[in-house]
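These notes are about the structure you will find just below.
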Protein chains: 2
Amino acid sequence: MDDEPEATELVEFNLKQAGYAVTTACDGAEALRKAHAQPPELIVLDVMLPEMDGFEVCKVLRLDPVTSRVPIIMLTAKAAEIDRVLGLELGADDYLTKPFSPRELLLRIKKILTRAVAEEKPREQIRFGDLTIDFPRHVAAWKARAIALTATEFKLLVTLAQRAGRVQSRDSLLRDVWEYESVIDTRTVDTHIRRLREKLGPAAKHLETIRGVGYRFLE
Amino acid sequence: MDDEPEATELVEFNLKQAGYAVTTACDGAEALRKAHAQPPELIVLDVMLPEMDGFEVCKVLRLDPVTSRVPIIMLTAKAAEIDRVLGLELGADDYLTKPFSPRELLLRIKKILTRAVAEEKPREQIRFGDLTIDFPRHVAAWKARAIALTATEFKLLVTLAQRAGRVQSRDSLLRDVWEYESVIDTRTVDTHIRRLREKLGPAAKHLETIRGVGYRFLE
DNA sequence: ACCGGTTTGTCACGCGGTTGTCACGCAATT
DNA sequence: AATTGCGTGACAACCGCGTGACAAACCGGT
């Protein structure tokens, strides 16, 4: 998905050469439509797009449950934008600054895809010591003893645990857990973290506060 | 690295003329040895080589972690080979078909080198000897031992480390770390540098003061 | 539709760590 | 020797976060 036709073709050619199945789109709306209809394993997204820019596309892709977990590699012209791209405001998985070599892009794609399949398995059920989180059953447990959590609390826990080790800002948590109702106070996150900690009891040690930044799930 | 001595000399002469430091090799094995011992910034590689051909050399260079990220320009006689050269199998960054002009070669080299420095930054985890800085985890560590830093201190460290080797004035640090315009005293930077040094302990040797100018992160 | 209990978002308050500032003294530069 | 620049210690204001409380929204059962 790119604005310059020849750049799109170059990427397409190299990816197909490498054995990947490729679908292209020449603007953001088309990209969103195709991605929703048939979610790909990975998305290469240019920031510079006609009409809707790559940032917007990225946000929408993350909001749509169908595509929210698809890895995204962003192509950007300015190095100054990387903080926005990776800083979980957008939540891209990787990025490249233009101009880039096809080889570099292939390396990134390979890396992300192997990581994705490695993470695919334990996604249904995550374990951290005595803490178990069963995603499909919607149950969290401490030493085989179930912990009664509300929907929001569970979603918050899952969101933190899935990105274990990585700091999540309040804004990014609001996006992922509350699916962006932008009118919500960031302090609301605090309250739910507190309730989570109360209910988790001893397992609350996994929930770490990074002052001035956000929260982190400690492994 | 070429098979015909006079062609090698021609390339070598032109590159040195342009101010590059050049090392040559007259066969594949020698090229690999030299490249591994002292990885260059860029490799110009002829396909036609005695014993091991350029394709083989290219593959081995890519497999060796020491040289896997070094850009490669391949010199080839046949236009038909370019797909193989640029594709995933070999992963060269660019190519030239013989005969070519020295000027053309210089242009390609320049383009790739400027691209390489632009791509150097995208790292979410930086290492300098025993000092590790993990951006998404928001953790700095010395010899695998975490260092407790506040939000501002961490941001200051990251800003300095990302531009390692380059001096940063107090004003530019204020802009990058504190983000808003300087309603803040420049001496405030000193205090935070001090606190950083205290907490970094032995790793503080990376933080250098350039009197009258600013601060620099030493590698 | 009604009602009780639960869930959820918001607010005010207070503590404690963080942060910006200043004065002082030393070191380097002139 | 004078001057400029930086490190150091101390301190006060501030801000971010945890906490308790509360009301609105929600949900399931009758």
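Every chain is numbered from 1 and lettered A, B, ... according to where its sequence line falls, protein lines coming before strand lines. All values below come from the heavy atoms of this structure, side chains included, with hydrogens, waters and symmetry mates left out. For clarity, every value in this text was computed on a predicted model and none was experimentally measured.
Put simply, CD on B:E153 is 15 Å from C1' on D:dG16, counting in whole angstrom units. Distance CG (A:L173) to P (D:dC17): 12 Å, rounded to an integer number of Å. In this structure, the NZ atom of A:K155 is 16 Å from the C1' atom of C:dG9, given to the nearest Å. Separating the CZ atom of B:F154 from the C1' atom of C:dT19 is a distance of 18 Å, rounded to the nearest angstrom. Computed from coordinates, the B:R194 CZ to D:dA10 C1' distance equals 9 Å when rounded to whole Å. Rounding to whole angstrom units, CD1 of residue A:I193 and P of D:dG16 are separated by 17 Å. When rounded to the nearest whole Å, the span between CG of A:L196 and P of C:dG9 equals 13 Å. Following rounding to the nearest Å, B:H192 (NE2) and D:dG7 (P) show an atom-to-atom distance of 14 Å.
Under 4.0 angstrom from either OP1 or OP2 of C:dT8 there lies no side-chain N or O belonging to A:W178. Side-chain N/O atoms of B:Y215 include none lying less than 4.0 angstrom from OP1 or OP2 on D:dG5.
In this structure, A:T150 and B:T191 both approach DNA chain C, and ranking their closest nucleotides by distance from the 5' end singles out A:T150.
With hydrogens and angles ignored, no donor-acceptor pair closer than 3.5 Å exists between the side chain of A:R170 and the base of D:dG16. A donor N or O paired with an acceptor N or O is found under 3.5 Å between the base of C:dG20 and the side-chain atoms of B:R195. Under 3.5 Å, the side chain of B:R187 and the base of D:dG7 form at least one donor-acceptor pair of N or O atoms.
Checking A:Q168, A:E208, A:R170 one by one against A:Y215, the side chain to side chain donor-acceptor pair (under 3.5 Å) holds for a single residue, A:R170.
In this structure, a donor-acceptor pair under 3.5 Å is present between the side chains of A:T209 and A:R197.
Comparing C:dG9, C:dC11, D:dC17 by their nearest atom to the side chain of A:D190 picks out D:dC17. Here the nucleotide nearest the side chain of A:D185, chosen from C:dG9, C:dC11, C:dC22, is C:dC11.
Residue A:H138 places its NE2 atom among more than 12 non-hydrogen atoms of other residues, nucleotides or ligands, all under 6.0 Å distant. Around CZ of B:F13, the count of heavy atoms belonging to other residues, nucleotides or ligands within 6.0 Å does not exceed 12.
A heavy atom lying under 4.0 Å from DNA chain D marks the following residues of residues 197-212 of chain A, by number: A:R197, A:T209, A:I210, A:R211, A:G212.
Looking only at side-chain heavy atoms (C-beta outward), B:F217 and B:L157 come within less than 4.5 Å of each other. Considering only heavy atoms from C-beta on, B:R216 stays 4.5 Å or farther from B:L160 through its side chain.
The existence of a salt bridge linking B:K155 and B:E179 is confirmed by a sub-4.0 Å separation between a basic side-chain nitrogen and an acidic carboxylate oxygen. A salt bridge between B:R163 and B:D176 is present, with a side-chain N of the basic residue lying under 4.0 Å from a carboxylate O of the acidic one.
For B:W178 and B:H192, the ring centers are positioned less than 6.0 Å apart.
A donor-acceptor contact shorter than 3.5 Å links the side chain of A:D134 to the backbone of A:R137.
Note on the helix from C:dA1-D:dT30 to C:dT30-D:dA1: terminal axis deviation equals 40°, with five pairs used at each end and the result rounded to 10°.
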